[in-house]
Amino acid sequence: MAEASGEEKNQPASERRLKQARENGDIPRSREVATFVVLMTAGAGLWMMGGGMVDKLSTALHNGLSLDRDQIHNPALMSERILADVMSVLLACLPLAGAIMLMMLASPLVIGGWNFSGKAFVPKFGKLNPINGLGNMVSTNALVELVKAIAKTLLVGFVAWIVIMGQKDALIGLAVEPLGTGTAHLGSLLARAFLIIVGSLGVIALLDGPYQMWHYANKLKMTRQEVIQESKESDGNPQIKGKIRQMQREMARKRMMANVPTADVVVTNPTHFAVALKYAEGQRGAPRVVAKGTDEVAAKIRELARENKVALLEAPALARALYKHTDIDDEIPEALYSAVAEVLAYVYQLRAYGKGTTTQYPDRPSRLPVPPEMDPFNPASQQPGADGRTGNPH
C-alpha cells in the first residue's frame, strides 16, 4: 500500500508489527558483535587454558604413537585404544569448546535476544528470484556490508602490522631459544597478537550494533495509513465504536427514564436540573438517586413525573447539590440527609392529603438546609469539599 501510494514511512513500528516480525523470525542481529564475542572467548580461553590443553594433547599424541605388540595384532584392543585416545583429545578440548559454545548461545542476548520461530524454516522461493537478488546487491544494506568488509580488512591488516612490527625482535629471538622454551614463548606471542587483533574488531562491533538496531527499526517503520488501518483492525473502526457508545448511552438513558415513574419525588432547579429520588421504606440505607439530568433530559424527567403523578418539588440548591455529588443508583450524601428528609416528609404529607387521610394541605418546604459547599453555584463550593470535587457542573 505504501509503495503504491508513495506515502512516506515515518511512523515508528507498533507493538503489533514488532510482534509479527518476531513471529516470522525477523529480529535485529549483528554478525560483527557475535563474531567478536566468539573470537574473544576463543582467544581468552587459549590464553588461560592453552598450557594445560597443550600438555593434555601432547600426552594423548605420545600415547597414540606408543603401541605394543598385542594392540597391533588384536583389532579389539586397537579399537579400545583408539577410542581412549579420541576421548582424551575431546576431554582436553572440552573446556575451551564449552566456553565458545556458551558464548555463541549468549551473544544473541546482546542484540535482539533469543527467538524461536518455525516460520524462519519455511522455504521462501522468492529469494531464488534473480531480479530480487540483483536488487539486494545494489541496496543500501549491501553497500553498508561492503564498507564494513573493507573497514575490517584495513583495520585488521593495520593492527596486525603494528603487532608484528612490535614483536619483531621477540620473533627473531625464538631461533636461539631451546625447543621447549621457544615453543611456549611462541604460543604466548601468538595468543597476545590474536587478542589484540580480535580486540580491534570490537570497534566494528560497537558501530555495527547500534546501526543494526537503527536499520531494523527503520525497516519496520509504517506509513500513517498503515497505522490507522492497524488501529482499526486492533481496536475496531472508530466510527463503529462511536456508534456503539452512542447506543449504549441511549440504552442507559432509557433505563434511567424507566425508573422515573417509580420515584417518590423529583427535585428541580426548576428548569436546568432534575433529580429523581426513591426511598424504600423498611429497608436499610438512605434514599437513592434513580434518575438525573440537565436541560432536555431534565425536561423529559419532569414530563414523565407529571404523567405518572410523581411529586415535583422546586428546590434549586438541593437539585444542584444532588446532581453534582451523586450518580445514578447512589445514596444521597450524608450532608444532604436533613434536606432530603424534609422533602420526603412533605411528599408523604402530600400523599396523605391526596388520599383524604388528612384535611390540611402541607406547606411546601422553602428553606432547605443545603450546606453552601455542596451547591456548585455557591462560591464556597469552589474550595475542595469532602469528595475532592469543585466547580460548576453545568
Side-chain angles (χ1 to χ4, degrees), residues 248-378 381 385-387 389 391-394:
Q248 290 174 339
R249 287 194 295 268
E250 289 295 331
M251 293 174 63
R253 179 178 171 180
K254 289 180 180 179
R255 288 195 300 268
M256 181 184 72
M257 291 302 181
N259 293 329
V260 174
T262 67
D264 293 314
V265 63
V266 173
V267 184
T268 66
N269 189 37
T271 56
H272 291 304
F273 294 88
V275 181
L277 300 176
K278 180 177 179 60
Y279 178 63
E281 296 186 51
Q283 296 183 5
R284 300 181 61 180
R288 293 183 177 274
V289 175
V290 296
K292 71 172 188 175
T294 60
D295 300 329
E296 294 181 2
V297 178
K300 184 64 176 179
I301 291 175
R302 293 195 302 272
E303 179 183 349
L304 288 174
R306 293 190 186 96
E307 292 176 356
N308 292 275
K309 296 181 172 54
V310 177
L312 285 166
L313 177 65
E314 183 178 326
L318 179 58
R320 294 191 296 262
L322 288 170
Y323 184 88
K324 168 68 176 179
H325 298 285
T326 59
D327 289 322
I328 305 299
D329 292 329
D330 281 356
E331 292 186 356
I332 64 171
E334 186 175 352
L336 299 178
Y337 279 3
S338 298
V340 173
E342 290 190 25
V343 171
L344 291 177
Y346 166 74
V347 171
Y348 294 152
Q349 293 172 11
L350 195 63
R351 288 178 182 174
Y353 177 80
K355 294 178 181 178
T357 305
T358 179
T359 58
Q360 183 178 0
Y361 191 86
D363 295 329
R364 181 184 296 267
S366 57
R367 298 182 61 86
L368 296 172
V370 178
E373 65 273 11
M374 298 292 288
D375 184 359
F377 282 8
N378 193 300
S381 68
D387 60 354
R389 292 182 286 185
N392 190 339
H394 184 56

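Taking 4.5 Å as the limit, every side-chain heavy atom of R320 sits out of range of all side-chain heavy atoms of Y323. Put simply, the side chain of D375 does not reach to within 4.5 Å of the side chain of K324, judged on heavy atoms. In this structure, the side chains of V289 and L277 come closer than 4.5 Å at one or more pairs of heavy atoms. Annotation: side chain of M257 is in contact with side chain of L304 (closest heavy-atom distance under 4.5 Å). Between M374 and L318 the shortest side-chain heavy-atom distance does not fall below 4.5 Å. Within the 4.5 Å cutoff, the side chain of H272 has no heavy atoms near those of the T294 side chain.
Heavy atoms from other residues, nucleotides or ligands lying under 6.0 Å from CD of E307 number more than 12. By the 6.0 Å contact criterion, CD on E250 is enclosed, its count of non-hydrogen atoms from other residues, nucleotides or ligands being greater than 12.
Between V275 and A319, the closest heavy-atom pair is CG2-O, 3.7 Å. Residue D327 comes nearest to K292 through the heavy atom pair OD1-NZ, 3.7 Å, listed as atom of the first residue, atom of the second, then distance. Taking both residues in full, the closest heavy atoms of V340 and P287 are given as CG1-CG, 4.0 Å, listed atom of the first, atom of the second, then distance. Nearest heavy atom pair, residue I328 against residue V290, reads CG2-O, 3.9 Å. A pairwise comparison of heavy atoms in A298 and F273 identifies CB-C, 3.9 Å as the closest pair. Heavy atoms only, all atoms of each residue included: A311 and L350 are closest at CB-CD2, 4.5 Å.
Atom NE2 of H325 and atom CG of L336 lie 7.5 Å apart (nearest 0.5 Å). For the atom pair CZ (R288) and OG1 (T326), the distance works out to 11.5 Å, reported to the nearest 0.5 Å. Rounding to the nearest 0.5 angstrom, the gap separating the CE atom in M256 from the CD1 atom in I301 is 4.5 Å. Distance check, rounded to the nearest 0.5 Å: CG of N269 to CG of L322 gives 11.5 Å. Taken to the nearest 0.5 Å, the CZ atom of R306 stands 5.5 Å off from the CG atom of L312.
For residues 338-350, no residue pair satisfies the salt bridge (Lys or Arg N to Asp or Glu O under 4.0 Å) rule, not counting sequence neighbours.
Residues that satisfy the salt bridge (charged side-chain N to carboxylate O under 4.0 Å, His left out) test with R351, not counting sequence neighbours, are D264. With sequence neighbours excluded, no residue satisfies salt bridge (charged side-chain N to carboxylate O under 4.0 Å, His left out) with R302.
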